[in-house]
Amino acid sequence: MEDADRPKDDGFRALACLDGASTGIERRPPRHPGPGEVLVSLRVCGLCGTDIFKLEAASQPPGTVLGHEVVGMVEQCGVEVEGFSPGDRVVVAHHVPCGECAYCLAGSETMCEEFRENQLSPGGFSEKIIVAEAAVRSAMRTIPDSLSDDTAVFLEPAACVLRGIWRSGLEPGGASVILGGGSMGLLHLLVLKAAIPDALVGVVEPLEDRRELALALGADFSRAPETASDAVAELTGGLGADAVFDTAGGSGALLACMELGRRGSTIVLFAHAGAGEQAGFELDRLFKEERRLVASYSGGVKEQDAVWELMLSGALDPAALVSARVGLEDFSRALELVRDRRALKILIEP
Ligand SMILES: [Zn+2]
Ligand SMILES: [Zn+2]
């Protein structure tokens, strides 16, 4: 084919951070995968609370493209790529631990220096991304026809959730409570039910429609905050929960979690707090009541592997949490829906 006959590749569109908290569509030059890399054209990218947090904090340099919960099609593979071909539908996570440093060897893969690097360039709110070699090797999966985009897109967030659940030490048949019935709270419900046999799970949420959805998704109770401790007492014979998951964030939520857990229970912190916000509880609540406070900030490769198995087996299907699909050019509408608490998971479509 003569060069003049080739379709002209004039690059792709991406939603970039501008100054402060605003965003705009930019056209980026064409990209081609280097050795070990893969060029993926996006089908959907989930909007995560972390994206919103970063935007609201205006913490990103201009030109940054956010978005990291991606499902797309392999468009081109670099040399030395094995196991993927153009046309494959794939899901990929954006962080990969090295597996060899002191953090990784101690089980703190999410604290690994290499884990901080974003494996997706420029980012998921884009028509196309280059997936870096490390992610192609250990964090990218071909999606079978049996799994929809709406299910597979939860691989990364569900892995973060599963890490917190594992860190909680919740045993089969144990009683747990989730503070917050938004997208991440309800994802906790689904992952708890899928991963911990016979787990009892209550959801505490002020909005009635979210409480109803929690029940429909299998919660053992869902209550407004005012009556939550009664429901927990009922569920646990007056004892309190073994594990409480805070998906709401802030010192008030942390205190509420402490009231819902039994002595010797674990609180899992799974939410951003405002910059500089301090916890405000009596330290003896930890010491004399032997409570544990742990956090889950992200998920590593082994959590992703486990979530993928749960999805493939049909035990975990969070697709019902997708409540809106929004085009790149309507991104501000997605932010409005989240801020007004009118949507759970929003998928951004390029
Ligand atoms: Zn995220
Ligand atoms: Zn490491």
Side-chain angles (χ1 to χ4, degrees), residues 36-38 40 44-46 48 50 68-72 74 81-84 88-120 124 129 131-172 184 187-197 199 245 268 270 294-319 321 345:
E37 297 177 341
V38 168
V40 169
V44 292
C45 180
C48 168
T50 298
H68 53 265
E69 301 172 359
V70 299
V71 168
V74 171
V81 168
E82 287 175 15
F84 297 99
D88 286 349
R89 190 167 59 109
V90 293
V91 56
V92 59
H94 61 313
H95 289 313
V96 176
C98 77
E100 294 168 353
C101 72
Y103 289 112
C104 285
L105 295 177
S108 297
E109 295 93 339
T110 50
M111 297 295 111
C112 166
E113 286 300 326
E114 284 188 23
F115 190 83
R116 293 168 188 272
E117 282 169 34
N118 188 353
Q119 301 285 325
L120 313 179
I129 50 170
V131 180
E133 185 187 1
V136 171
R137 262 190 282 112
S138 57
M140 192 157 94
R141 292 170 165 83
T142 304
I143 305 170
D145 291 343
S146 58
L147 291 189
S148 68
D149 292 351
D150 293 22
T151 300
V153 76
F154 284 94
L155 174 62
E156 190 274 338
C160 305
V161 168
L162 183 61
R163 182 171 176 80
I165 291 171
W166 281 350
R167 283 166 69 77
S168 78
L170 189 70
E171 303 270 358
M184 289 318 284
L187 186 58
H188 270 79
L189 164 62
L190 295 176
V191 179
L192 275 162
K193 287 291 187 182
I196 308 290
F245 297 88
V268 180
F270 192 97
V294 300
S296 173
Y297 167 73
S298 195
V301 173
K302 61 179 186 286
E303 289 87 2
Q304 289 163 22
D305 288 345
V307 163
W308 193 238
E309 288 305 316
L310 291 172
M311 285 179 168
L312 291 177
S313 74
L316 175 64
D317 185 1
L321 302 182
K345 177 58 80 182

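Note that this is a predicted model, so its numbers are computed, not measured.
Between Cys104 and Gly99 the shortest heavy-atom distance is SG-N, 3.1 Å. Between Gly83 and Asp88, the closest heavy-atom pair is O-OD2, 4.2 Å. Here the closest heavy-atom approach between residue Ala195 and residue Leu310 is recorded as CB-CD1, 4.1 Å. Scanning both residues, Val96 and Gln119, for their nearest heavy atoms gives CG2-CG, 4.0 Å. Across all non-hydrogen atoms, the minimal contact from Val268 to Ser168 is CG2-CB, 3.6 Å. Taking both residues in full, the closest heavy atoms of Ala199 and Leu170 are given as CB-CD2, 4.3 Å, listed atom of the first, atom of the second, then distance.
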Next item on the list: Report the C-alpha distance between His68 and Cys48 in whole Å, list the side-chain angles of each, state the deciding distance to 0.1 Å, and finish with yes or no for side-chain contact (heavy atoms from CB on, under 4.5 Å).
Entry: CA-CA 8 Å; His68 53 265; Cys48 168; 3.6 Å; yes

Next item on the list: Determine, stepwise, if the pair Val91 / Val153 fulfils side-chain contact (heavy atoms from CB on, under 4.5 Å).
Entry: CA-CA 7 Å; Val91 56; Val153 76; over 6 Å; no

Note to self: If you apply the rule side-chain contact (heavy atoms from CB on, under 4.5 Å), what do you find for Ser298 with Glu156, and how did you get there?
What the structure shows: CA-CA 8 Å; Ser298 195; Glu156 190 274 338; 4.2 Å; yes

Margin query: Show, in sequence, the C-alpha distance, side-chain angles and deciding distance for Asp317 and Phe154, and conclude whether the side-chain contact (heavy atoms from CB on, under 4.5 Å) test is met.
Written below: CA-CA 9 Å; Asp317 185 1; Phe154 284 94; over 6 Å; no

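The closest side-chain heavy-atom distance from Trp166 to Lys302 is below 4.5 Å. Taking the side chain as every heavy atom from C-beta outward, Cys160 and Glu303 never approach each other to under 4.5 Å. Between Ile129 and Val70 the shortest side-chain heavy-atom distance falls below 4.5 Å. A heavy-atom distance below 4.5 Å is found between the side chains of Leu316 and Pro318. Here the side chains of Ser313 and Glu309 are not in contact, with every heavy-atom distance at 4.5 Å or above. Considering only heavy atoms from C-beta on, Lys345 comes within 4.5 Å of Glu69 through its side chain. The side-chain heavy atoms of Leu192 and Ile165, taken from C-beta on, include a pair separated by under 4.5 Å. No side-chain heavy atom of Tyr103 sits under 4.5 Å from any side-chain heavy atom of Pro97.
Using cut-offs of 30° and 60° for the angle between ring planes, the Phe115 and His95 rings count as tilted.
Taken from OG1 in Thr50 to OH in Tyr297, the straight-line distance is 7.0 Å, to the nearest 0.5 Å.
Side-chain N or O atoms of Arg167 include one that pairs as donor or acceptor with a backbone N or O of Ala295 at under 3.5 Å.
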Show me the side-chain donor-acceptor pairs of residues 135-149 shorter than 3.5 Å, one per line, residues at least two apart or across chains.
from	atom 1	to	atom 2	distance (Å)
Ser138	OG	Ala134	O	3.1
Arg141	NH2	Asp305	OD1	2.3
Ser148	OG	Asp150	N	3.3
Ser148	OG	Thr151	N	3.1
Ser148	OG	Thr151	OG1	3.1
Asp149	OD1	Arg43	NE	3.3
Asp149	OD1	Arg89	NH1	2.6
Asp149	OD2	Arg43	NE	2.8
Asp149	OD2	Arg43	NH2	3.1

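Salt bridge annotation for Glu109-Arg163: present, with a cationic side-chain nitrogen under 4.0 angstrom from a carboxylate oxygen.
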